[in-house]
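Right, one structure below, let's go through it.
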Amino acid sequence: MDFSPLRGFRVLLPEEARILQRVEDTLRTVFTLYGFEEVVLPTLEPFSLFERKSGEEIEKHMYTFTDFGGRKVALRPEFTPSAARLFVQRAGELKLPVKWSYFGSVFRYDEPQKMRYREFWQAGVELIGASSVESDLEVISLVIDSMLALGFKDFRVEVNDVRIFREMLGQEGFNPDQQYRVMLVIDKRNKVSEETFERDLLAALDGRKELFDRIMFVLGLRKKSPGESLAILEEPKLRQVIERLIKLFDLGKEVGLSKWILFSPNIVRGLAYYTGMVFEVLVEGIPYSVCGGGRYDNLISLYGGPDIPCVGMSFGVDRLVEAAMEKRIIKVGERRPVFVAYIGQELKPLALKTARDLRMAGIKTDVELRERPLSKQLEYANKRGCKLAVLLGKRELERKAVKIRDLDSGEELEIPLDRLIEEIRGKLA
RNA sequence: GCCGCGGUGGCGUAGCGGUAGCGUGGGGGCCUGUGGAGCCCCUGGCCCGGGUUCGAAUCCCGGCCGCGGCCCCA
């Protein structure tokens, strides 16, 4: 009988769980500072909720089953549809813009590989009801501050607008399906050789050399500012889109964010549902993006709500953890516990009471639970990483005193029993 | 769904056709009031299923799992 976890599912030991939680707590703090309020959404949803947004094909990548009520249900593969549904149901009582955040794991039935699991953690926000450049920047700013709060220094937010290529291709008579195929090629720009890329791109463009050249030209504008780009781009239809990007970058500059924001025309996020600005966050030397987001103005109406614009993003929390470990920026510092040891079984009740007193005083405390000899108790305390041990022994108790041992230095100190808590507080400080 | 490499105690490894060893961890002892040292004992393993063979951890096939890649990535 094999009870192993399922393929692609992970078990986190205390050290790893602690790091994950630390990352989540940091994100939660920043999200809150930006005024996003956390909502808790169902893990299991009607399958149709996801089908609506992503189409039937999506079932191949989801965990679905029929419940005892005969309903077709699915483990959530993302949060956005649940948030959109919640908004639609409550739209009447919500003041716009609505700012929500969410945390939790999502499930996707893919082949596991590096940084791709079947259950992974996300943390994201949805900003519903604002179409302004300011709302785009609000999300990007939140992302940058989150990265900084986590301790990342060398990261960049690569920003684009999906309308740039869509407009170009649309003008040339490419239908959305054909456009999508071109976008897929562009998305892979950095993953394949330049020759392969150019060959595939030309093929996706039906061999239209002149269009190919224009796209290559735009792609060449990577890392240039949108301002520069506009100056050399003679695409009247694109003017509006580029002007909006320029506004975004100018605004970012005024807010002091330009150091991290980068124009990157090859970011297309491979998704059909984005309608404007899109971005990804990349950390120097890490081959996968840790965050992605953008504007999807027809999301709410897709779920039967009013025509309300929407921008959002989500962090891959696992990927942040992995990247942070790689960059060694995680401080795993933890409050070290105090250990209450006792010598002689008759002191067991006093040991338990002492442990509880310490805990009630807010001091993280372990106590001997196995009736072992003192040497073993101390050995265990050391393995647990305890900073101090309280030694309860008859000899000292006759004088109403206990010993405190510093497990790092080995130093021992006898103190009156009624001063125990203050002494320990002092030692731990 | 496809391709490559791999799977030996909890973890790390040796063995690569003939009794499965070591390190570490865990439990205990030497030590009935002072630990992380040392010595000793115990614990516990060849991913699963077929096949080849007198004999398989070892060779072959399939599956499962892991790692990496392709496809994909809401």
Side-chain angles (χ1 to χ4, degrees), chain A residues 1-11 13 45 47 49-62 74-84 106-118 120 122 124 126 180-181 183-185 187-188 191-192 196 268-274 278 280 287-289 292-294 296 299 302 312-314 316 319 339 341-347 368 370-398 402-414:
Chain A
M1 204 56 197
D2 183 13
F3 298 114
S4 301
L6 294 171
R7 181 172 169 77
F9 285 74
R10 290 163 296 162
V11 171
L13 291 169
E45 291 276 18
F47 171 69
L49 182 71
F50 305 114
E51 193 181 23
R52 173 61 61 94
K53 172 159 166 275
S54 311
E56 233 173 290
E57 270 296 293
I58 211 66
E59 185 172 0
K60 290 199 182 71
H61 295 286
M62 287 171 57
L75 288 172
R76 63 185 175 208
E78 57 168 329
F79 284 90
T80 302
S82 303
V106 296
F107 306 83
R108 296 183 190 175
Y109 198 89
D110 274 327
E111 282 311 303
Q113 50 185 271
K114 188 165 180 62
M115 279 299 99
R116 276 178 76 176
Y117 302 95
R118 289 179 171 178
F120 59 97
Q122 287 197 330
E126 307 290 347
Y180 181 69
R181 285 219 306 281
M183 304 293 241
L184 279 184
V185 175
D187 189 40
K188 284 203 198 83
K191 292 179 189 163
V192 299
T196 309
V268 298
R269 303 262 320 130
L271 315 175
Y273 73 88
Y274 284 107
V278 289
E280 284 185 7
Y288 41 83
S289 65
Y296 23 84
L299 179 75
L302 185 68
M313 67 87 200
S314 78
R319 292 180 167 198
F339 189 86
Y342 56 88
I343 305 145
Q345 294 305 309
E346 67 279 10
L347 294 178
E368 171 61 13
R370 296 188 56 177
E371 311 186 335
R372 286 174 294 199
L374 182 60
S375 67
K376 294 288 175 190
Q377 295 186 39
L378 291 172
E379 189 180 326
Y380 178 72
N382 263 296
K383 279 256 161 61
R384 298 272 302 174
C386 294
K387 165 75 176 154
L388 299 172
V390 176
L391 311 184
L392 300 173
K394 246 184 303 203
R395 297 208 288 262
E396 294 81 6
L397 284 168
E398 280 164 13
V402 291
K403 271 188 183 169
I404 297 179
R405 184 180 174 91
D406 185 308
L407 291 170
D408 294 331
S409 64
E411 216 173 284
E412 275 182 22
L413 186 70
E414 187 170 316

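Residue numbers begin at 1 in each chain, while the letters A, B, ... track the order of the sequences. Just so it is clear, the model here is predicted, and its values are computed rather than measured.
With respect to A:Glu111 and A:Arg7, a salt bridge is recorded, a charged nitrogen being found less than 4.0 Å from a carboxylate O. Between A:Asp110 and A:Arg118 there is no salt bridge, since no side-chain N of the basic residue sits under 4.0 Å from a carboxylate O of the acidic one. Remark: A:Lys403 engages A:Glu412 in a salt bridge, criterion side-chain N to carboxylate O under 4.0 Å. Electrostatic pairing of A:Lys394 and A:Glu398 does not count as a salt bridge here, judged by no charged N lying under 4.0 Å from a carboxylate O. Here A:Glu78 pairs with A:Lys53 in a salt bridge; the nearest charged N to carboxylate O distance falls below 4.0 Å.
Across the C1' atoms, B:C47 and B:G7 are found 7 Å apart, a figure rounded to whole Å. Separation of the P atoms belonging to B:U34 and B:U19 is 48 Å when rounded to the nearest angstrom. Atom name P, nucleotides B:G1 and B:G62: the rounded distance is 16 Å, in whole Å. For B:U32 and B:U43, the P atoms lie 25 Å apart once the distance is rounded to whole Å. Taking atom P in both B:G29 and B:A20, one finds a spacing of 31 Å when rounded to whole Å. Nucleotides B:C31 and B:C67 have their C1' atoms positioned 47 Å apart, rounded to a whole Å. Nucleotides B:G10 and B:G27 place their P atoms 16 Å apart, quoted to the nearest Å. Spacing of P atoms, B:G28 relative to B:U13, comes out at 29 Å, to the nearest Å.
A straight line from NZ of A:Lys188 to P of B:C70 spans 10 Å, rounded to a whole angstrom. Rounded to an integer number of Å, the gap from A:Phe120 CZ to B:C72 P is 17 Å. At whole-Å resolution of the value, CG in A:Asp110 and C1' in B:C70 are 13 Å apart. Atom pair A:Lys53:NZ and B:C73:C1' shows a separation of 12 Å (rounding to whole Å applied). Distance CG (A:Asp187) to C1' (B:C73): 10 Å, rounded to an integer number of Å. Rounding to whole angstrom units, CG of residue A:Leu407 and P of B:U34 are separated by 15 Å. Straight-line distance from the OH atom of A:Tyr274 to the P atom of B:C73: 12 Å, rounded to whole Å. Atom OH in A:Tyr288 sits about 15 Å away from atom P in B:C70, given to the nearest Å.
When each of A:Phe9 and A:Asp408 is assigned the nucleotide of RNA chain B with its nearest heavy atom, A:Asp408 is the one assigned upstream, toward the 5' end. Annotation: of the two residues near RNA chain B, A:Pro5 and A:Thr80, the 5′-most nearest-nucleotide partner is A:Pro5.
Searching all strands for a Watson-Crick or G-U wobble partner of B:G44 with both distances below 3.5 Å returns nothing. Across all strands shown, B:U24 pairs with B:G10; the Watson-Crick or G-U wobble distances both stay below 3.5 Å. Nucleotide B:C39 has B:G29 as its partner under the Watson-Crick or G-U criteria, with both atom distances under 3.5 Å. A 3.5 Å limit on both hydrogen-bonding distances identifies B:C67 as the Watson-Crick or G-U partner of B:G4. Shown here, B:C59 forms a base pair with B:G51; the pair counts as Watson-Crick or G-U wobble because both key distances fall under 3.5 Å.
The shortest side-chain heavy-atom distance between A:Pro81 and A:Glu45 does not fall under the 4.5 Å cut-off.
With hydrogens and angles ignored, no donor-acceptor pair closer than 3.5 Å exists between the side chain of A:Gln377 and the base of B:U34. Side-chain atoms of A:Arg108 and base atoms of B:C72 include no donor and acceptor less than 3.5 Å apart.
Using bins of under 30°, 30° to 60° and over 60° for the plane-to-plane angle, the ring pair A:Phe339/A:Tyr380 lands in the perpendicular bin.
Across all strands shown, A:Gly8 has heavy atoms under 4.0 Å from sugar-phosphate atoms exclusively, and none from any base.
Atom OH of A:Tyr288 sits about 5.0 Å away from atom CE of A:Met115, to the nearest 0.5 Å.
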(request) Start with the C-alpha gap between A:Phe107 and A:Tyr117, add the side-chain angles, then the distance that decides, and say whether side-chain contact (heavy atoms from CB on, under 4.5 Å) holds. (result) CA-CA 8 Å; A:Phe107 306 83; A:Tyr117 302 95; over 6 Å; no
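Side-chain proximity of A:His61 to the nucleotides B:C71, B:C2, B:C72 is greatest for B:C72. For A:Tyr117, taking side-chain heavy atoms from C-beta onward, the closest of the listed nucleotides B:C71, B:C67, B:U34 is B:C67.
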For nucleotides 24-33 of chain B, which of its nitrogen or oxygen atoms have a protein nitrogen or oxygen under 3.5 Å away, and what is each distance?
| from | atom 1 | to | atom 2 | distance (Å) |
| --- | --- | --- | --- | --- |
| B:G33 | O6 | A:Lys394 | N | 3.3 |
| B:G33 | O6 | A:Arg395 | N | 2.8 |
| B:G33 | N1 | A:Glu396 | OE1 | 3.1 |
| B:G33 | N1 | A:Glu396 | OE2 | 3.4 |
| B:G33 | N2 | A:Glu396 | OE2 | 2.7 |

